[in-house]
Every structure is written in structure tokens, then in C-alpha cells.
Amino acid sequence: MTIYPQVVRLGAATLLSAAFLVRIASGADSATTAQQTHAIRREVPHKIDIQYLLFLPKDYEKSAKQWPVILYLHGGSPRGEDISQMKRWGLTGKVEADPDFPFIVVSPQCHTGEIWTDVDALAAILDEVALSHRVDPDRVYVTGHSMGGRGALYAAYKMPDRFAAVVSLAPVSLITAWGGKLAKLPLWLFHGPNDQFTPLKEVEELARATETAGGHPQLTVLPERDHYILDVYDRPDLYKWIAEQKRKPRGSN
């Protein structure tokens with residue numbers, strides 16, 4: 001396990017970030033907004049009804065290349081039906097203000113009272129986007145904060161062959177046994193020692209379990225920080241690292 005104590009104090013963020021189900025309907029926001037609203041309703045085999053934001057880089061239409069994709073799972077606060085509130089914080093807030101962001105970003109909204117456990121719904125959303133857009137299947141990543149940080153880890157645990165890497169910020173309710181499958185993926189964890197919801201030792205235990213299973217997790221501890229670390233999504237080094245990761249062929253270690 002590589003632990004990186006972060007000595008640069010980042011700006012304060014204000015909202016929990018995590019979400020869990022995926023409701024995908026058709027439709028679009030005003031052309032003036034960077035992210036468009038979509039939705040999907042189908043049986044997979046259970047019923048899915050979830051909406052999501054889809055961000056396409058400004059240069060998407062200018063070339064025929066395949067693009068990397070980030071699946072972003074929000075925290076607990078943006079749950080509900082008002083998807084526009086998701087554009088204020090975290091990765092959805094960042095891409096709303098940055099049309100040059102070099103990834104396709106898919107951001108489902110979790111229903112009220114739910115968490116990110118329906119991986120079939122998440123897979124259906126990714127499948128839908130891959131069918132309608134130029135997606136590089138070997139460069140699909142998952143990230144999230146708080147409830148979404150847990151959701152990102154759970155999605156990677158349940159579908160380790162689907163993603164090229166996972167980034168988790170301040171995850172809650174961790175299960176150390178996930179380490180075995182997470183060891184198959186590049187993993188970067190961020191946490192504050194003053195987190196009000198998840199003790200740092202629980203994140204360290206997950207990192208150790210992943211390392212014991214043969215993985216090489218990175219853990220960045222942000223000195224003096226608490227649970228609200230959404231500003232990690234403003235770090236250029238995060239996206240440089242993500243872009244360097246590529247999905248391994250099935251069966252490889």
C-alpha cells in the first residue's frame with residue numbers, strides 16, 4: 001500500500017457526495033448547459049428507471065477517436081428527482097464549468113432513500129452510452145465521494161473486469177472483504193483523518209486487504225481534513241493518473 005500524506009491543504013468543499021441507482025430517460029437540457037439529462041427504463045432483468053447527466057467534451061464531434069469515460073457516483077445529498085442540483089458540486093460541478101474536460105462523464109442520480117447497490121443499473125447506463133457514443137471500452141473509470149465513494153468501490157468489486165481504475169473519496173461503510181477483487185484494479189483512495197463518518201483506520205484496513213491480495217492501492221491522507229473533500233476533483237494530477245490507466249485483458253494479474 002502506498003500512502004501519500006498530502007501536505008497541500010485543499011479548499012473546503014461543502015456537500016456529501018454519493019448516489020446509488022440509475023434512472024435513464026430520454027430528454028435533454030437547454031443547449032446552453034454542458035451536461036445533458038438522459039434516462040433509461042428497461043428490465044435487466046429487474047426494472048430500471050433512473051436519470052443521469054451526460055457530459056461530452058467540447059472536441060467530441062471534431063474527431064472520430066474513442067473517448068475515455070468516467071462514471072461518477074454522487075454522495076447522499078443530491079439524491080432525489082432534481083438532477084440540476086448535481087451540477088453544483090463534485091465532478092459534475094467541475095465539468096459544467098470546464099467544456100474542455102477530456103473525458104466523457106456519466107453521472108446517474110440516486111433515488112431518495114436508496115444507495116449505490118444496483119450495479120445492473122450502472123452497467124445498463126454504461127452500455128447505453130457505449131452504444132450511442134464513441135467510448136473506449138478499455139478506459140472506463142469509476143469514482144465517487146462519500147456514499148458515492150463506497151458505491152465506486154462496490155461497483156468495482158462487483159464488476160472488476162469492467163473498469164480500468166477506481167478512485168474513491170471519503171467512502172462510508174466499507175467492507176474489507178472487497179479487497180480481494182479490488183486488487184485487480186488500480187485504486188486511489190483519498191481520506192481526511194478528521195472524517196466524521198469513516199475513521200481513517202477503516203480505509204487503511206481496506207487498502208491493506210487490497211495489498212495483501214496482490215493489489216497496489218494508493219492512499220492519500222489529506223492533513224487536517226474532514227469528510228468534505230470534493231475539491232479533490234480539482235487536482236490535475238488525479239486526471240493525469242486516471243488517463244494512464246488501461247483495462248487489463250481478462251485473466252491477467
Side-chain angles (χ1 to χ4, degrees), residues 4 6 10 13 15-22 35 52-55 57 67-78 86-87 89-96 98 101-110 115-117 119 122-123 125-126 129 135-136 138-160 162-172 174 178 182 184-192 198 203 206-207 210 215 217-220 222 227-247:
Y4 296 101
Q6 176 55 265
L10 301 174
L15 211 68
L16 274 147
S17 129
F20 210 81
L21 242 84
V22 191
Q35 297 170 94
Y52 64 96
L53 295 173
L54 177 64
F55 169 82
W67 289 81
V69 175
I70 297 177
L71 174 65
Y72 172 63
L73 304 181
H74 65 73
S77 296
M86 290 175 54
K87 300 176 182 179
W89 303 281
L91 187 55
T92 42
K94 178 177 179 59
V95 301
E96 189 69 13
D98 182 7
F101 190 72
F103 298 82
I104 294 174
V105 180
V106 182
S107 307
Q109 184 178 32
C110 191
I115 59 171
W116 295 115
T117 52
V119 294
L122 297 178
I125 292 176
L126 289 173
V129 173
V135 168
D136 185 339
D138 292 324
R139 293 190 295 160
V140 178
Y141 313 97
V142 60
T143 185
H145 169 260
S146 187
M147 180 184 84
R150 181 192 193 276
L153 293 169
Y154 183 70
Y157 162 71
K158 295 293 288 185
M159 303 183 291
R162 178 120 206 181
F163 300 107
V166 55
V167 177
S168 178
L169 282 58
V172 297
L174 299 178
W178 293 347
L182 291 175
K184 300 179 180 181
L185 290 165
L187 168 62
W188 196 349
L189 298 156
F190 291 85
H191 211 73
T198 304
V203 180
L206 177 64
T210 304
Q218 296 182 184
L219 170 58
T220 295
L222 305 172
H227 190 68
Y228 303 103
I229 58 172
L230 279 170
D231 48 305
V232 166
Y233 287 119
D234 292 328
R235 295 173 55 128
D237 63 326
L238 174 62
Y239 305 106
K240 181 178 183 297
W241 179 84
I242 290 175
E244 291 170 350
Q245 313 308 316
K246 192 169 183 179
R247 184 174 61 168

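Side-chain contact check for V69 versus W67: every heavy-atom pair is 4.5 Å or farther apart. By the 4.5 Å heavy-atom criterion applied to side chains, V140 and P68 are not counted as neighbours. For the pair L126 and F163, the minimum side-chain heavy-atom distance is below 4.5 Å. Using a 4.5 Å heavy-atom cutoff, the side chains of W188 and L238 are in contact. Side-chain contact between V95 and Q35 is present, with at least one heavy-atom pair separated by less than 4.5 Å. Put simply, the side chain of V232 does not reach to within 4.5 Å of the side chain of V167, judged on heavy atoms. Two residues are said to be in side-chain contact when any heavy atoms from C-beta on lie closer than 4.5 Å; L73 and P108 meet this criterion.
Side chain of T198 to main chain of P171: a donor-acceptor pair is present (N/O by atom type, distance under 3.5 Å, no hydrogens or angles). Counting only distance, with no hydrogens or angles, the side chain of T92 and the backbone of M86 share a donor-acceptor pair below 3.5 Å.
Counting all heavy atoms, side chain and backbone alike, G144 lies closest to A152 at N-CB, 3.9 Å. Of all heavy-atom pairs spanning P102 and P57, the tightest one is C-CG, 4.2 Å. Between V106 and L54, the closest heavy-atom pair is CG2-CD1, 3.9 Å. The shortest non-hydrogen separation linking K184 to P160 is CD-CB, 4.1 Å.
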Side chain to side chain contact (heavy atoms under 4.5 Å, CB included) between V142 and L122: does it pass, once the steps are laid out? CA-CA 10 Å; V142 60; L122 297 178; over 6 Å; no

Take F55 and K87, measure what side chain to side chain contact (heavy atoms under 4.5 Å, CB included) needs, and give me the verdict at the end. CA-CA 11 Å; F55 169 82; K87 300 176 182 179; over 6 Å; no

Criterion side chain to side chain contact (heavy atoms under 4.5 Å, CB included) on F103 and L91, from CA distance to verdict: CA-CA 11 Å; F103 298 82; L91 187 55; over 6 Å; no

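The CG atom of L71 lies 9.0 Å from the CZ atom of R162; values are rounded to the nearest 0.5 Å. I229 CD1 to T220 OG1: the interatomic distance, rounded to the nearest 0.5 Å, is 9.5 Å. Between L187 atom CG and L206 atom CG the span is 7.0 Å, to the nearest 0.5 Å. Between the CH2 atom of W178 and the NZ atom of K158 there is a distance of 10.5 Å, given to the nearest 0.5 Å.
Scored by the salt bridge (charged side-chain N to carboxylate O under 4.0 Å, His left out) test, D136 finds R139 as partners (sequence neighbours excluded). Partners of A165 according to the side-chain contact (heavy atoms from CB on, under 4.5 Å) rule, which considers only residues two or more places apart in sequence or in another chain, are Y141, P186, W241, Q245.
Taking the six-membered ring for Trp and thresholds of 30 and 60 degrees, Y233 and Y72 have ring planes more than 60 degrees apart, a perpendicular arrangement.
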